[in-house]
Amino acid sequence: MSRIGIMGGTFNPIHQGHIILAQESYRQFRLDKVLVIPNKLPAYKDTDELLDSKQRSEMVQLAIKPYPYMEFRGIELERNGPTYTIDTLRELKQTSPQDTFFFILGGDSLVSLHKWRSYEAILQLAVILCAIREDAGRKELEAARDRLIARVPEAEIQFLHTDLLDISSTRIREEFYTNPDLVAWIPSEVRAFIQEHHLYTIREGEVHGDGAH
């Protein structure tokens, strides 16, 4: 039996905040590996600025290459239509029924988890690891945890303590060519890939790049 972390996202682009989240999950909960799973068409996000899946996948693989316990999985990219967490968890559980899965998410996602498709089943299939800062929002997240456990008593929701970076993929897309301090938080191989393919250049209010849509 293995302890498997799951970190999903658009990774548009992946940055050091994602890497730190995976590192701390692996360390604090003694995971055997962390699966990094890019979304194809996330159901709950605006996809107007989403690069194609091939480019985002390449950036993820470049970013996690130095960490042998991080493993790229493209299972959501192979599905048609929007991707849902419950479908991914069911597929992983069917493939590896003896493993214990730990789904890694941020505080905002925990607060809104009750709105996700089949959230009760998500809570039954995986331990939830919620990233939390010691100095910010703990009471709100504890209340969200308690509400979810009241609805699904068998749920296990743990807090992951980490110094979250004040960085977002949205800011990176907007400021990649103008803010060196922000760009420094992107893995060097990913920076080189973005520059080589001229991604996230902004013209006339639109985001462009090879294959962007």
Side-chain angles (χ1 to χ4, degrees), residues 5-23 25 34-65 67 70-89 91-92 102-113 115-117 119 122 126 128-131 160 162 164-177 179 182-183 185-187 189-191 193-195 197-202 205-213:
I6 301 170
M7 188 171 72
T10 54
F11 303 118
N12 187 37
I14 191 169
H15 54 68
Q16 292 290 17
H18 299 125
I19 298 298
I20 290 173
L21 196 55
Q23 287 176 314
S25 300
V34 177
L35 306 181
V36 185
I37 304 177
N39 307 142
K40 185 177 183 180
L41 293 171
Y44 306 113
K45 286 189 177 182
D46 182 2
T47 59
D48 287 346
E49 298 182 355
L50 191 62
L51 292 184
D52 68 36
S53 58
K54 183 176 184 296
Q55 291 172 321
R56 291 182 290 115
S57 296
E58 289 186 49
M59 288 191 285
V60 167
Q61 291 175 80
L62 288 169
I64 68 175
K65 188 175 181 179
Y67 309 97
M70 297 187 198
E71 180 179 322
F72 171 84
R73 287 286 182 92
I75 58 176
E76 294 196 354
L77 306 178
E78 299 165 2
R79 296 195 201 116
N80 295 321
T83 53
Y84 294 94
T85 296
I86 185 57
D87 297 328
T88 299
L89 284 173
E91 182 174 343
L92 291 171
F102 296 77
F103 187 70
I104 304 163
L105 49 69
D108 291 346
S109 294
L110 183 69
V111 171
S112 63
L113 188 60
K115 299 178 181 178
W116 292 22
R117 174 176 286 194
Y119 79 92
I122 292 174
I128 303 298
L129 301 186
C130 176
L160 171 68
T162 181
L164 297 175
L165 298 176
D166 185 18
I167 181 175
S168 71
S169 295
T170 300
R171 282 192 64 199
I172 290 171
R173 294 195 299 271
E174 293 173 348
E175 303 177 32
F176 183 84
Y177 294 98
N179 188 340
L182 180 68
V183 174
W185 290 107
I186 307 171
E189 295 85 355
V190 176
R191 292 201 304 270
F193 182 90
I194 293 171
Q195 291 169 333
H197 295 277
H198 309 290
L199 306 180
Y200 307 126
T201 57
I202 301 176
E206 294 184 5
V207 172
H208 297 274
D210 294 351
H213 62 279

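Bear in mind that the values here come from a model prediction, so they are computed numbers and not experimental data.
Note that the CH2 atom of Trp185 and the CG atom of Asn179 stand 12.5 Å from one another [nearest 0.5 Å]. The distance from the CD1 atom of Ile167 to the CD atom of Glu175 is 10.0 Å, given to the nearest 0.5 Å. Atom CD1 of Ile172 and atom CD1 of Ile194 lie 7.0 Å apart (nearest 0.5 Å). Between atom OG of residue Ser25 and atom CG of residue Leu129 there is a gap of 5.5 Å, rounded to the nearest 0.5 Å. Here the straight-line distance linking atom CG of Asn39 with atom OG1 of Thr83 works out to 4.0 Å at 0.5 Å rounding. In this structure, Phe193 CZ and Leu62 CG are separated by 7.0 Å, a value rounded to the nearest 0.5 Å.
Between Gln61 and Phe72, the shortest heavy-atom distance links the atoms CG-CG, 3.6 Å. Closest of all the heavy-atom pairs between Asn12 and Arg173 is O-NH1, 2.7 Å. Taking both residues in full, the closest heavy atoms of His15 and Ser169 are given as CD2-OG, 3.5 Å, listed atom of the first, atom of the second, then distance. The two residues Gly107 and Cys130 have their closest heavy-atom pair at CA-SG, 3.8 Å. Summarising the geometry of Lys40 relative to Arg79, their closest heavy-atom pair is NZ-O, 3.1 Å, with the distance given to 0.1 Å.
Side-chain contact between Val34 and Leu21 is absent, with no heavy atoms from C-beta onward closer than 4.5 Å. No side-chain heavy atom of His18 sits less than 4.5 Å from a side-chain heavy atom of Val36. Looking at Ile14 and Ile19, their side chains come closer than 4.5 Å, going by heavy atoms from C-beta outward. Between Met59 and Phe11, every side-chain heavy-atom pair lies at or beyond the 4.5 Å cut-off. A 4.5 Å side-chain heavy-atom check between Leu92 and Ile75 finds at least one atom pair inside the cut-off.
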Determine, stepwise, if the pair Ser53 / Glu76 fulfils side-chain contact (heavy atoms from CB on, under 4.5 Å).
CA-CA 10 Å; Ser53 58; Glu76 294 196 354; over 6 Å; no

Derivation and outcome, side-chain contact (heavy atoms from CB on, under 4.5 Å), residues Ile6 and Leu89: CA-CA 9 Å; Ile6 301 170; Leu89 284 173; 3.4 Å; yes

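Relative ring orientation between Tyr200 and Phe176 is described as tilted, the plane-to-plane angle lying within the 30° to 60° band.
Under the rule for a side-chain hydrogen bond (donor to acceptor under 3.5 Å, both in side chains), Asp87 has no partner lying at least two apart in sequence or in another chain. With sequence neighbours excluded, the residues that form a side-chain contact (heavy atoms from CB on, under 4.5 Å) with Glu71 are Lys33, Leu35, Arg73. Scored by the salt bridge (charged side-chain N to carboxylate O under 4.0 Å, His left out) test, Glu58 finds Lys54 as partners (sequence neighbours excluded).
Side chain of Ser112 to main chain of Lys115: no donor-acceptor pair is present (N/O by atom type, distance under 3.5 Å, no hydrogens or angles). Checked by atom type and distance alone, the side chain of His197 never pairs as donor or acceptor with a backbone atom of Leu199 at under 3.5 Å. Counting only distance, with no hydrogens or angles, the side chain of Arg56 and the backbone of Thr10 share a donor-acceptor pair below 3.5 Å.
Within a 6.0 Å radius of CG in Asp108, other residues, nucleotides and ligands contribute 12 heavy atoms or fewer.
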